[in-house]
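Every number for a ligand or one of its atoms is a count from 1 in the order of the listing.
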Amino acid sequence: MSSNVLQTPIEYLKGVGPGRATLLRQELSINTFQDLLHLFPNRYIDRTQYHKIGQLVNTGAEVQIIGTITHVSLVDQKRGKRLVAEFSDDTGSMELVWFRGHKWIKQSLKTGVPLVAFGRLTQFKGQFSMAHPELELQSEHQQQLRTALQPLYPSTEKLSKSGVSNRLMNQLTAQLIQEHLGPSLDPLPEHLISRLKLMDQRQALMQIHFPTDHNALARAQFRLKFEELFFIQLQLLRKNLIHKKKIKGYQFTQVGTLFNTFFEQHLPFKLTPAQKRVIKEIRQDLGAGAQMNRLLQGDVGSGKTIVAFMSVLLALDNGFQACILAPTEILSVQHYNGLLEYCKKLNISISLLTGSTKASERKPLLEALKSGELQILVGTHALLENRVVFKNLGLAIIDEQHRFGVAQRSKLWHKNEFPPNVLVMTATPIPRTLAMSLYGDLDISVIDTLPPGRKPIKTVHRFDNNRLKVFGFIRQEIAKGRQVYIVYPLIQESQALDYKDLMDGYESIVREFPSPKYQVSILHGQMNSADKDFEMQRFASGQTQIMVATTVIEVGVNVPNASVMIIESAERFGLSQLHQLRGRVGRGADQSYCILMSGNKLSDDARERLQTMVATNDGFEISEADLRLRGPGDLMGTQQSGVLQLKIADIVKDAETLKLARSYAQEVLREDPDLNKPEHTGVRHTLAAIFKFKNIWHHIS
Ligand code: ADP
Ligand code: MG
């Protein structure tokens, strides 16, 4: 059968018609035969299992019961009437209830004959009932039992109200498969099918809707998940290949004097193996002549800066300029100051450009940039303004912390004749599976070990009623000369309340830690930036011992002497934010601590978040837990991506299948980059169809 048949509009399927077609389109985005075929069941119920009324428990589950109707009545209620049938088996009785369609249903109800009722169980005042059950004669039910596992399809209230029941969906799908699903070219190549012992596609589609048994269902699911993930990976990887072929980048052919001098004479420490590996990956990219587009992931403190700097040296060694873009002024100043020292030693020029750079300084800076005299420019978004013109920008480093500034990135691209090589650094590790799906077309480097000698931060969870002990601990640490952060949540919707919490907290801290012995700083988003800087400076220089703050300190504050992070109402923070906050301490030589304060009542999720924080310091583990708890939909950057539009696979649960699919997609492209071989005809056609019908990946770059 050609795929054309499957592109037939859904109204032409027998039993659908224009009315139902509109519903299916609106409610489930089913436009064609193909869409219906690819509407996979959410779940299956085992229709050989029957419940006894006497043994029902109130789980809200969908159950199947054999019984007879003994009595039918119409009961008045506030709005309209409801039809109630008493339904009994040899262990007890319950109610079947209808709120609509009384007349028609009443006529069709058969009393005294064995029926199978199927539906969701509810309980009211000890009485079990089922609203709008599916009813079948037991005799017919048994004949009809095509399969023990009955598929349950996604549905909506509107659909079920309009009579598009699960049973109807079953019938439509069965009919579609019987009448229209002929043999067709399997999109996966034969060599893959046989090596992975995959069920063929047609078989898998039949089994996914009407499984003969659990084993066949599992194989069908695996086949279809693999297929889905394989084509996504293939698409992303191919995009990467095409990109590399098409987009010529500046090639840094030599590792020159600056790089070598720095490496041999000025490196302040021994590079970790992870740093060495990443620098090697970057060197390979930069030497290849295709534009580099690389994401560098590494936890806070993992040492990304030195990697960035050495990459910059590669650019300079080849006669190019480089820039480093940071999301905030604080961060860019920090980068600038850090790198200035190195630059002096190497006798190279570096400048800082931010929104607050004075006009008198900016003018000569921009001129030096244009002439090429200035080699490295560090700054904020101010770098993206039109008047900022490089002579030859060869490398752009973007320190994004945890923002994905795709739009801004592409803005930088257009500043030059050719796009510069791009290295994006992020401190929020993205789970590998998610990164693979989001950024399959981006190369990824990971720094997965911290520099030696770091003491892991000790993290504990304390309930609010232990506050006095926590205060005692703070006193102890301050007596040792350390400093302390106390962070309050500030969430947009409840701002007024949150400010009150913050100010109350501040006052009680000041009471508990009175001056002159103690000095307390406060920092929050509604202060103007001069005040913020002033407070920050007081804390950084050690004039105050305690910093009470909102999450404004999350990004870019570096006070190595601060060794205690206390997070109030920690249950209200997300995992990645907790991890970012914790990263503010543990920057010096001292043992650092993170204390998560919470109320006694915790949701399961909140409890798990806090437990995860206590259990690990590893950003990757935390991001995996975050993905598991929240699902991909809530993670940053996934909202508009296709990750959510997966039909059958789940990037959390099917991580292994994803890895497998990726490695096979890589293999196929290695052997046949243009998919020209005859055995890849199906692959090529399917890929083309994906591009044509749902080009959902274009916005990920
Ligand atoms: P991040 O990845 O958060 O940007 P940084 O680059 O700021 O981390 O590094 C954090 C700290 O670790 C810095 O003080 C840096 O000098 C130090 N550092 C980085 N790499 C090493 C190393 N290989 N050995 C020892 N210290 C290192
Ligand atoms: Mg950094």
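Nearest protein heavy-atom contact of atom 26 (N) of ligand 1 is F269 CD2, 3.5 Å. With hydrogens left out, the protein atom closest to atom 9 (O) of ligand 1 is G303 CA, 3.6 Å, a heavy atom. Of the protein's heavy atoms, G301 N, 2.6 Å lies nearest to atom 3 (O) of ligand 1. Atom 7 (O) of ligand 1 has its closest protein heavy atom at T305 OG1, 3.4 Å.
T616 pairs by the side chain to side chain donor-acceptor pair (under 3.5 Å) definition with E621, not counting sequence neighbours. For the side chain to side chain donor-acceptor pair (under 3.5 Å) test, no residue two or more places apart in sequence or in another chain qualifies with K517.
Within a 4.0 Å radius of atom 21 (C) of ligand 1, the protein contributes at least one heavy atom. Put simply, atom 12 (O) of ligand 1 has protein non-hydrogen atoms near it, under 4.0 Å away.
For the residue pair S541/Q543, the side-chain donor-acceptor check at 3.5 Å is satisfied. Side-chain contact annotation: S445 with R294, donor-acceptor N/O pair under 3.5 Å present. Between the side chains of T426 and Q297, no donor N or O sits under 3.5 Å from an acceptor N or O.
In R454, the part holding a heavy atom less than 4.0 Å from any atom of ligand 1 is the side chain. Only backbone heavy atoms of D299 (N, CA, C or O) come within less than 4.0 Å of ligand 1; its side chain stays farther off. For L271, every heavy-atom contact with ligand 1 shorter than 4.0 Å involves the backbone, none the side chain. In K270, the part holding a heavy atom less than 4.0 Å from any atom of ligand 1 is the backbone.
Below 30°, between 30° and 60°, or above 60°: for Y250 and F320 the angle between ring planes is between 30° and 60°, a tilted geometry. In this structure, F539 and Y485 have tilted ring planes: the angle between them lies in the 30° to 60° band. Relative orientation of the F262 and Y342 rings is perpendicular, given thresholds of 30° and 60° on the angle between their planes.
The atoms of ligand 1 that sit less than 4.0 Å from any heavy atom of T272 are 23 (N).
Using a 4.0 Å cutoff on heavy atoms, S302 counts as a contact of ligand 1.
Of the candidates L395, L393, I397, L393 is the only one forming a side-chain contact (heavy atoms from CB on, under 4.5 Å) with P420.
Nearest-heavy-atom check against atom 2 (O) of ligand 1 across H335, Q275, K304 picks out K304.
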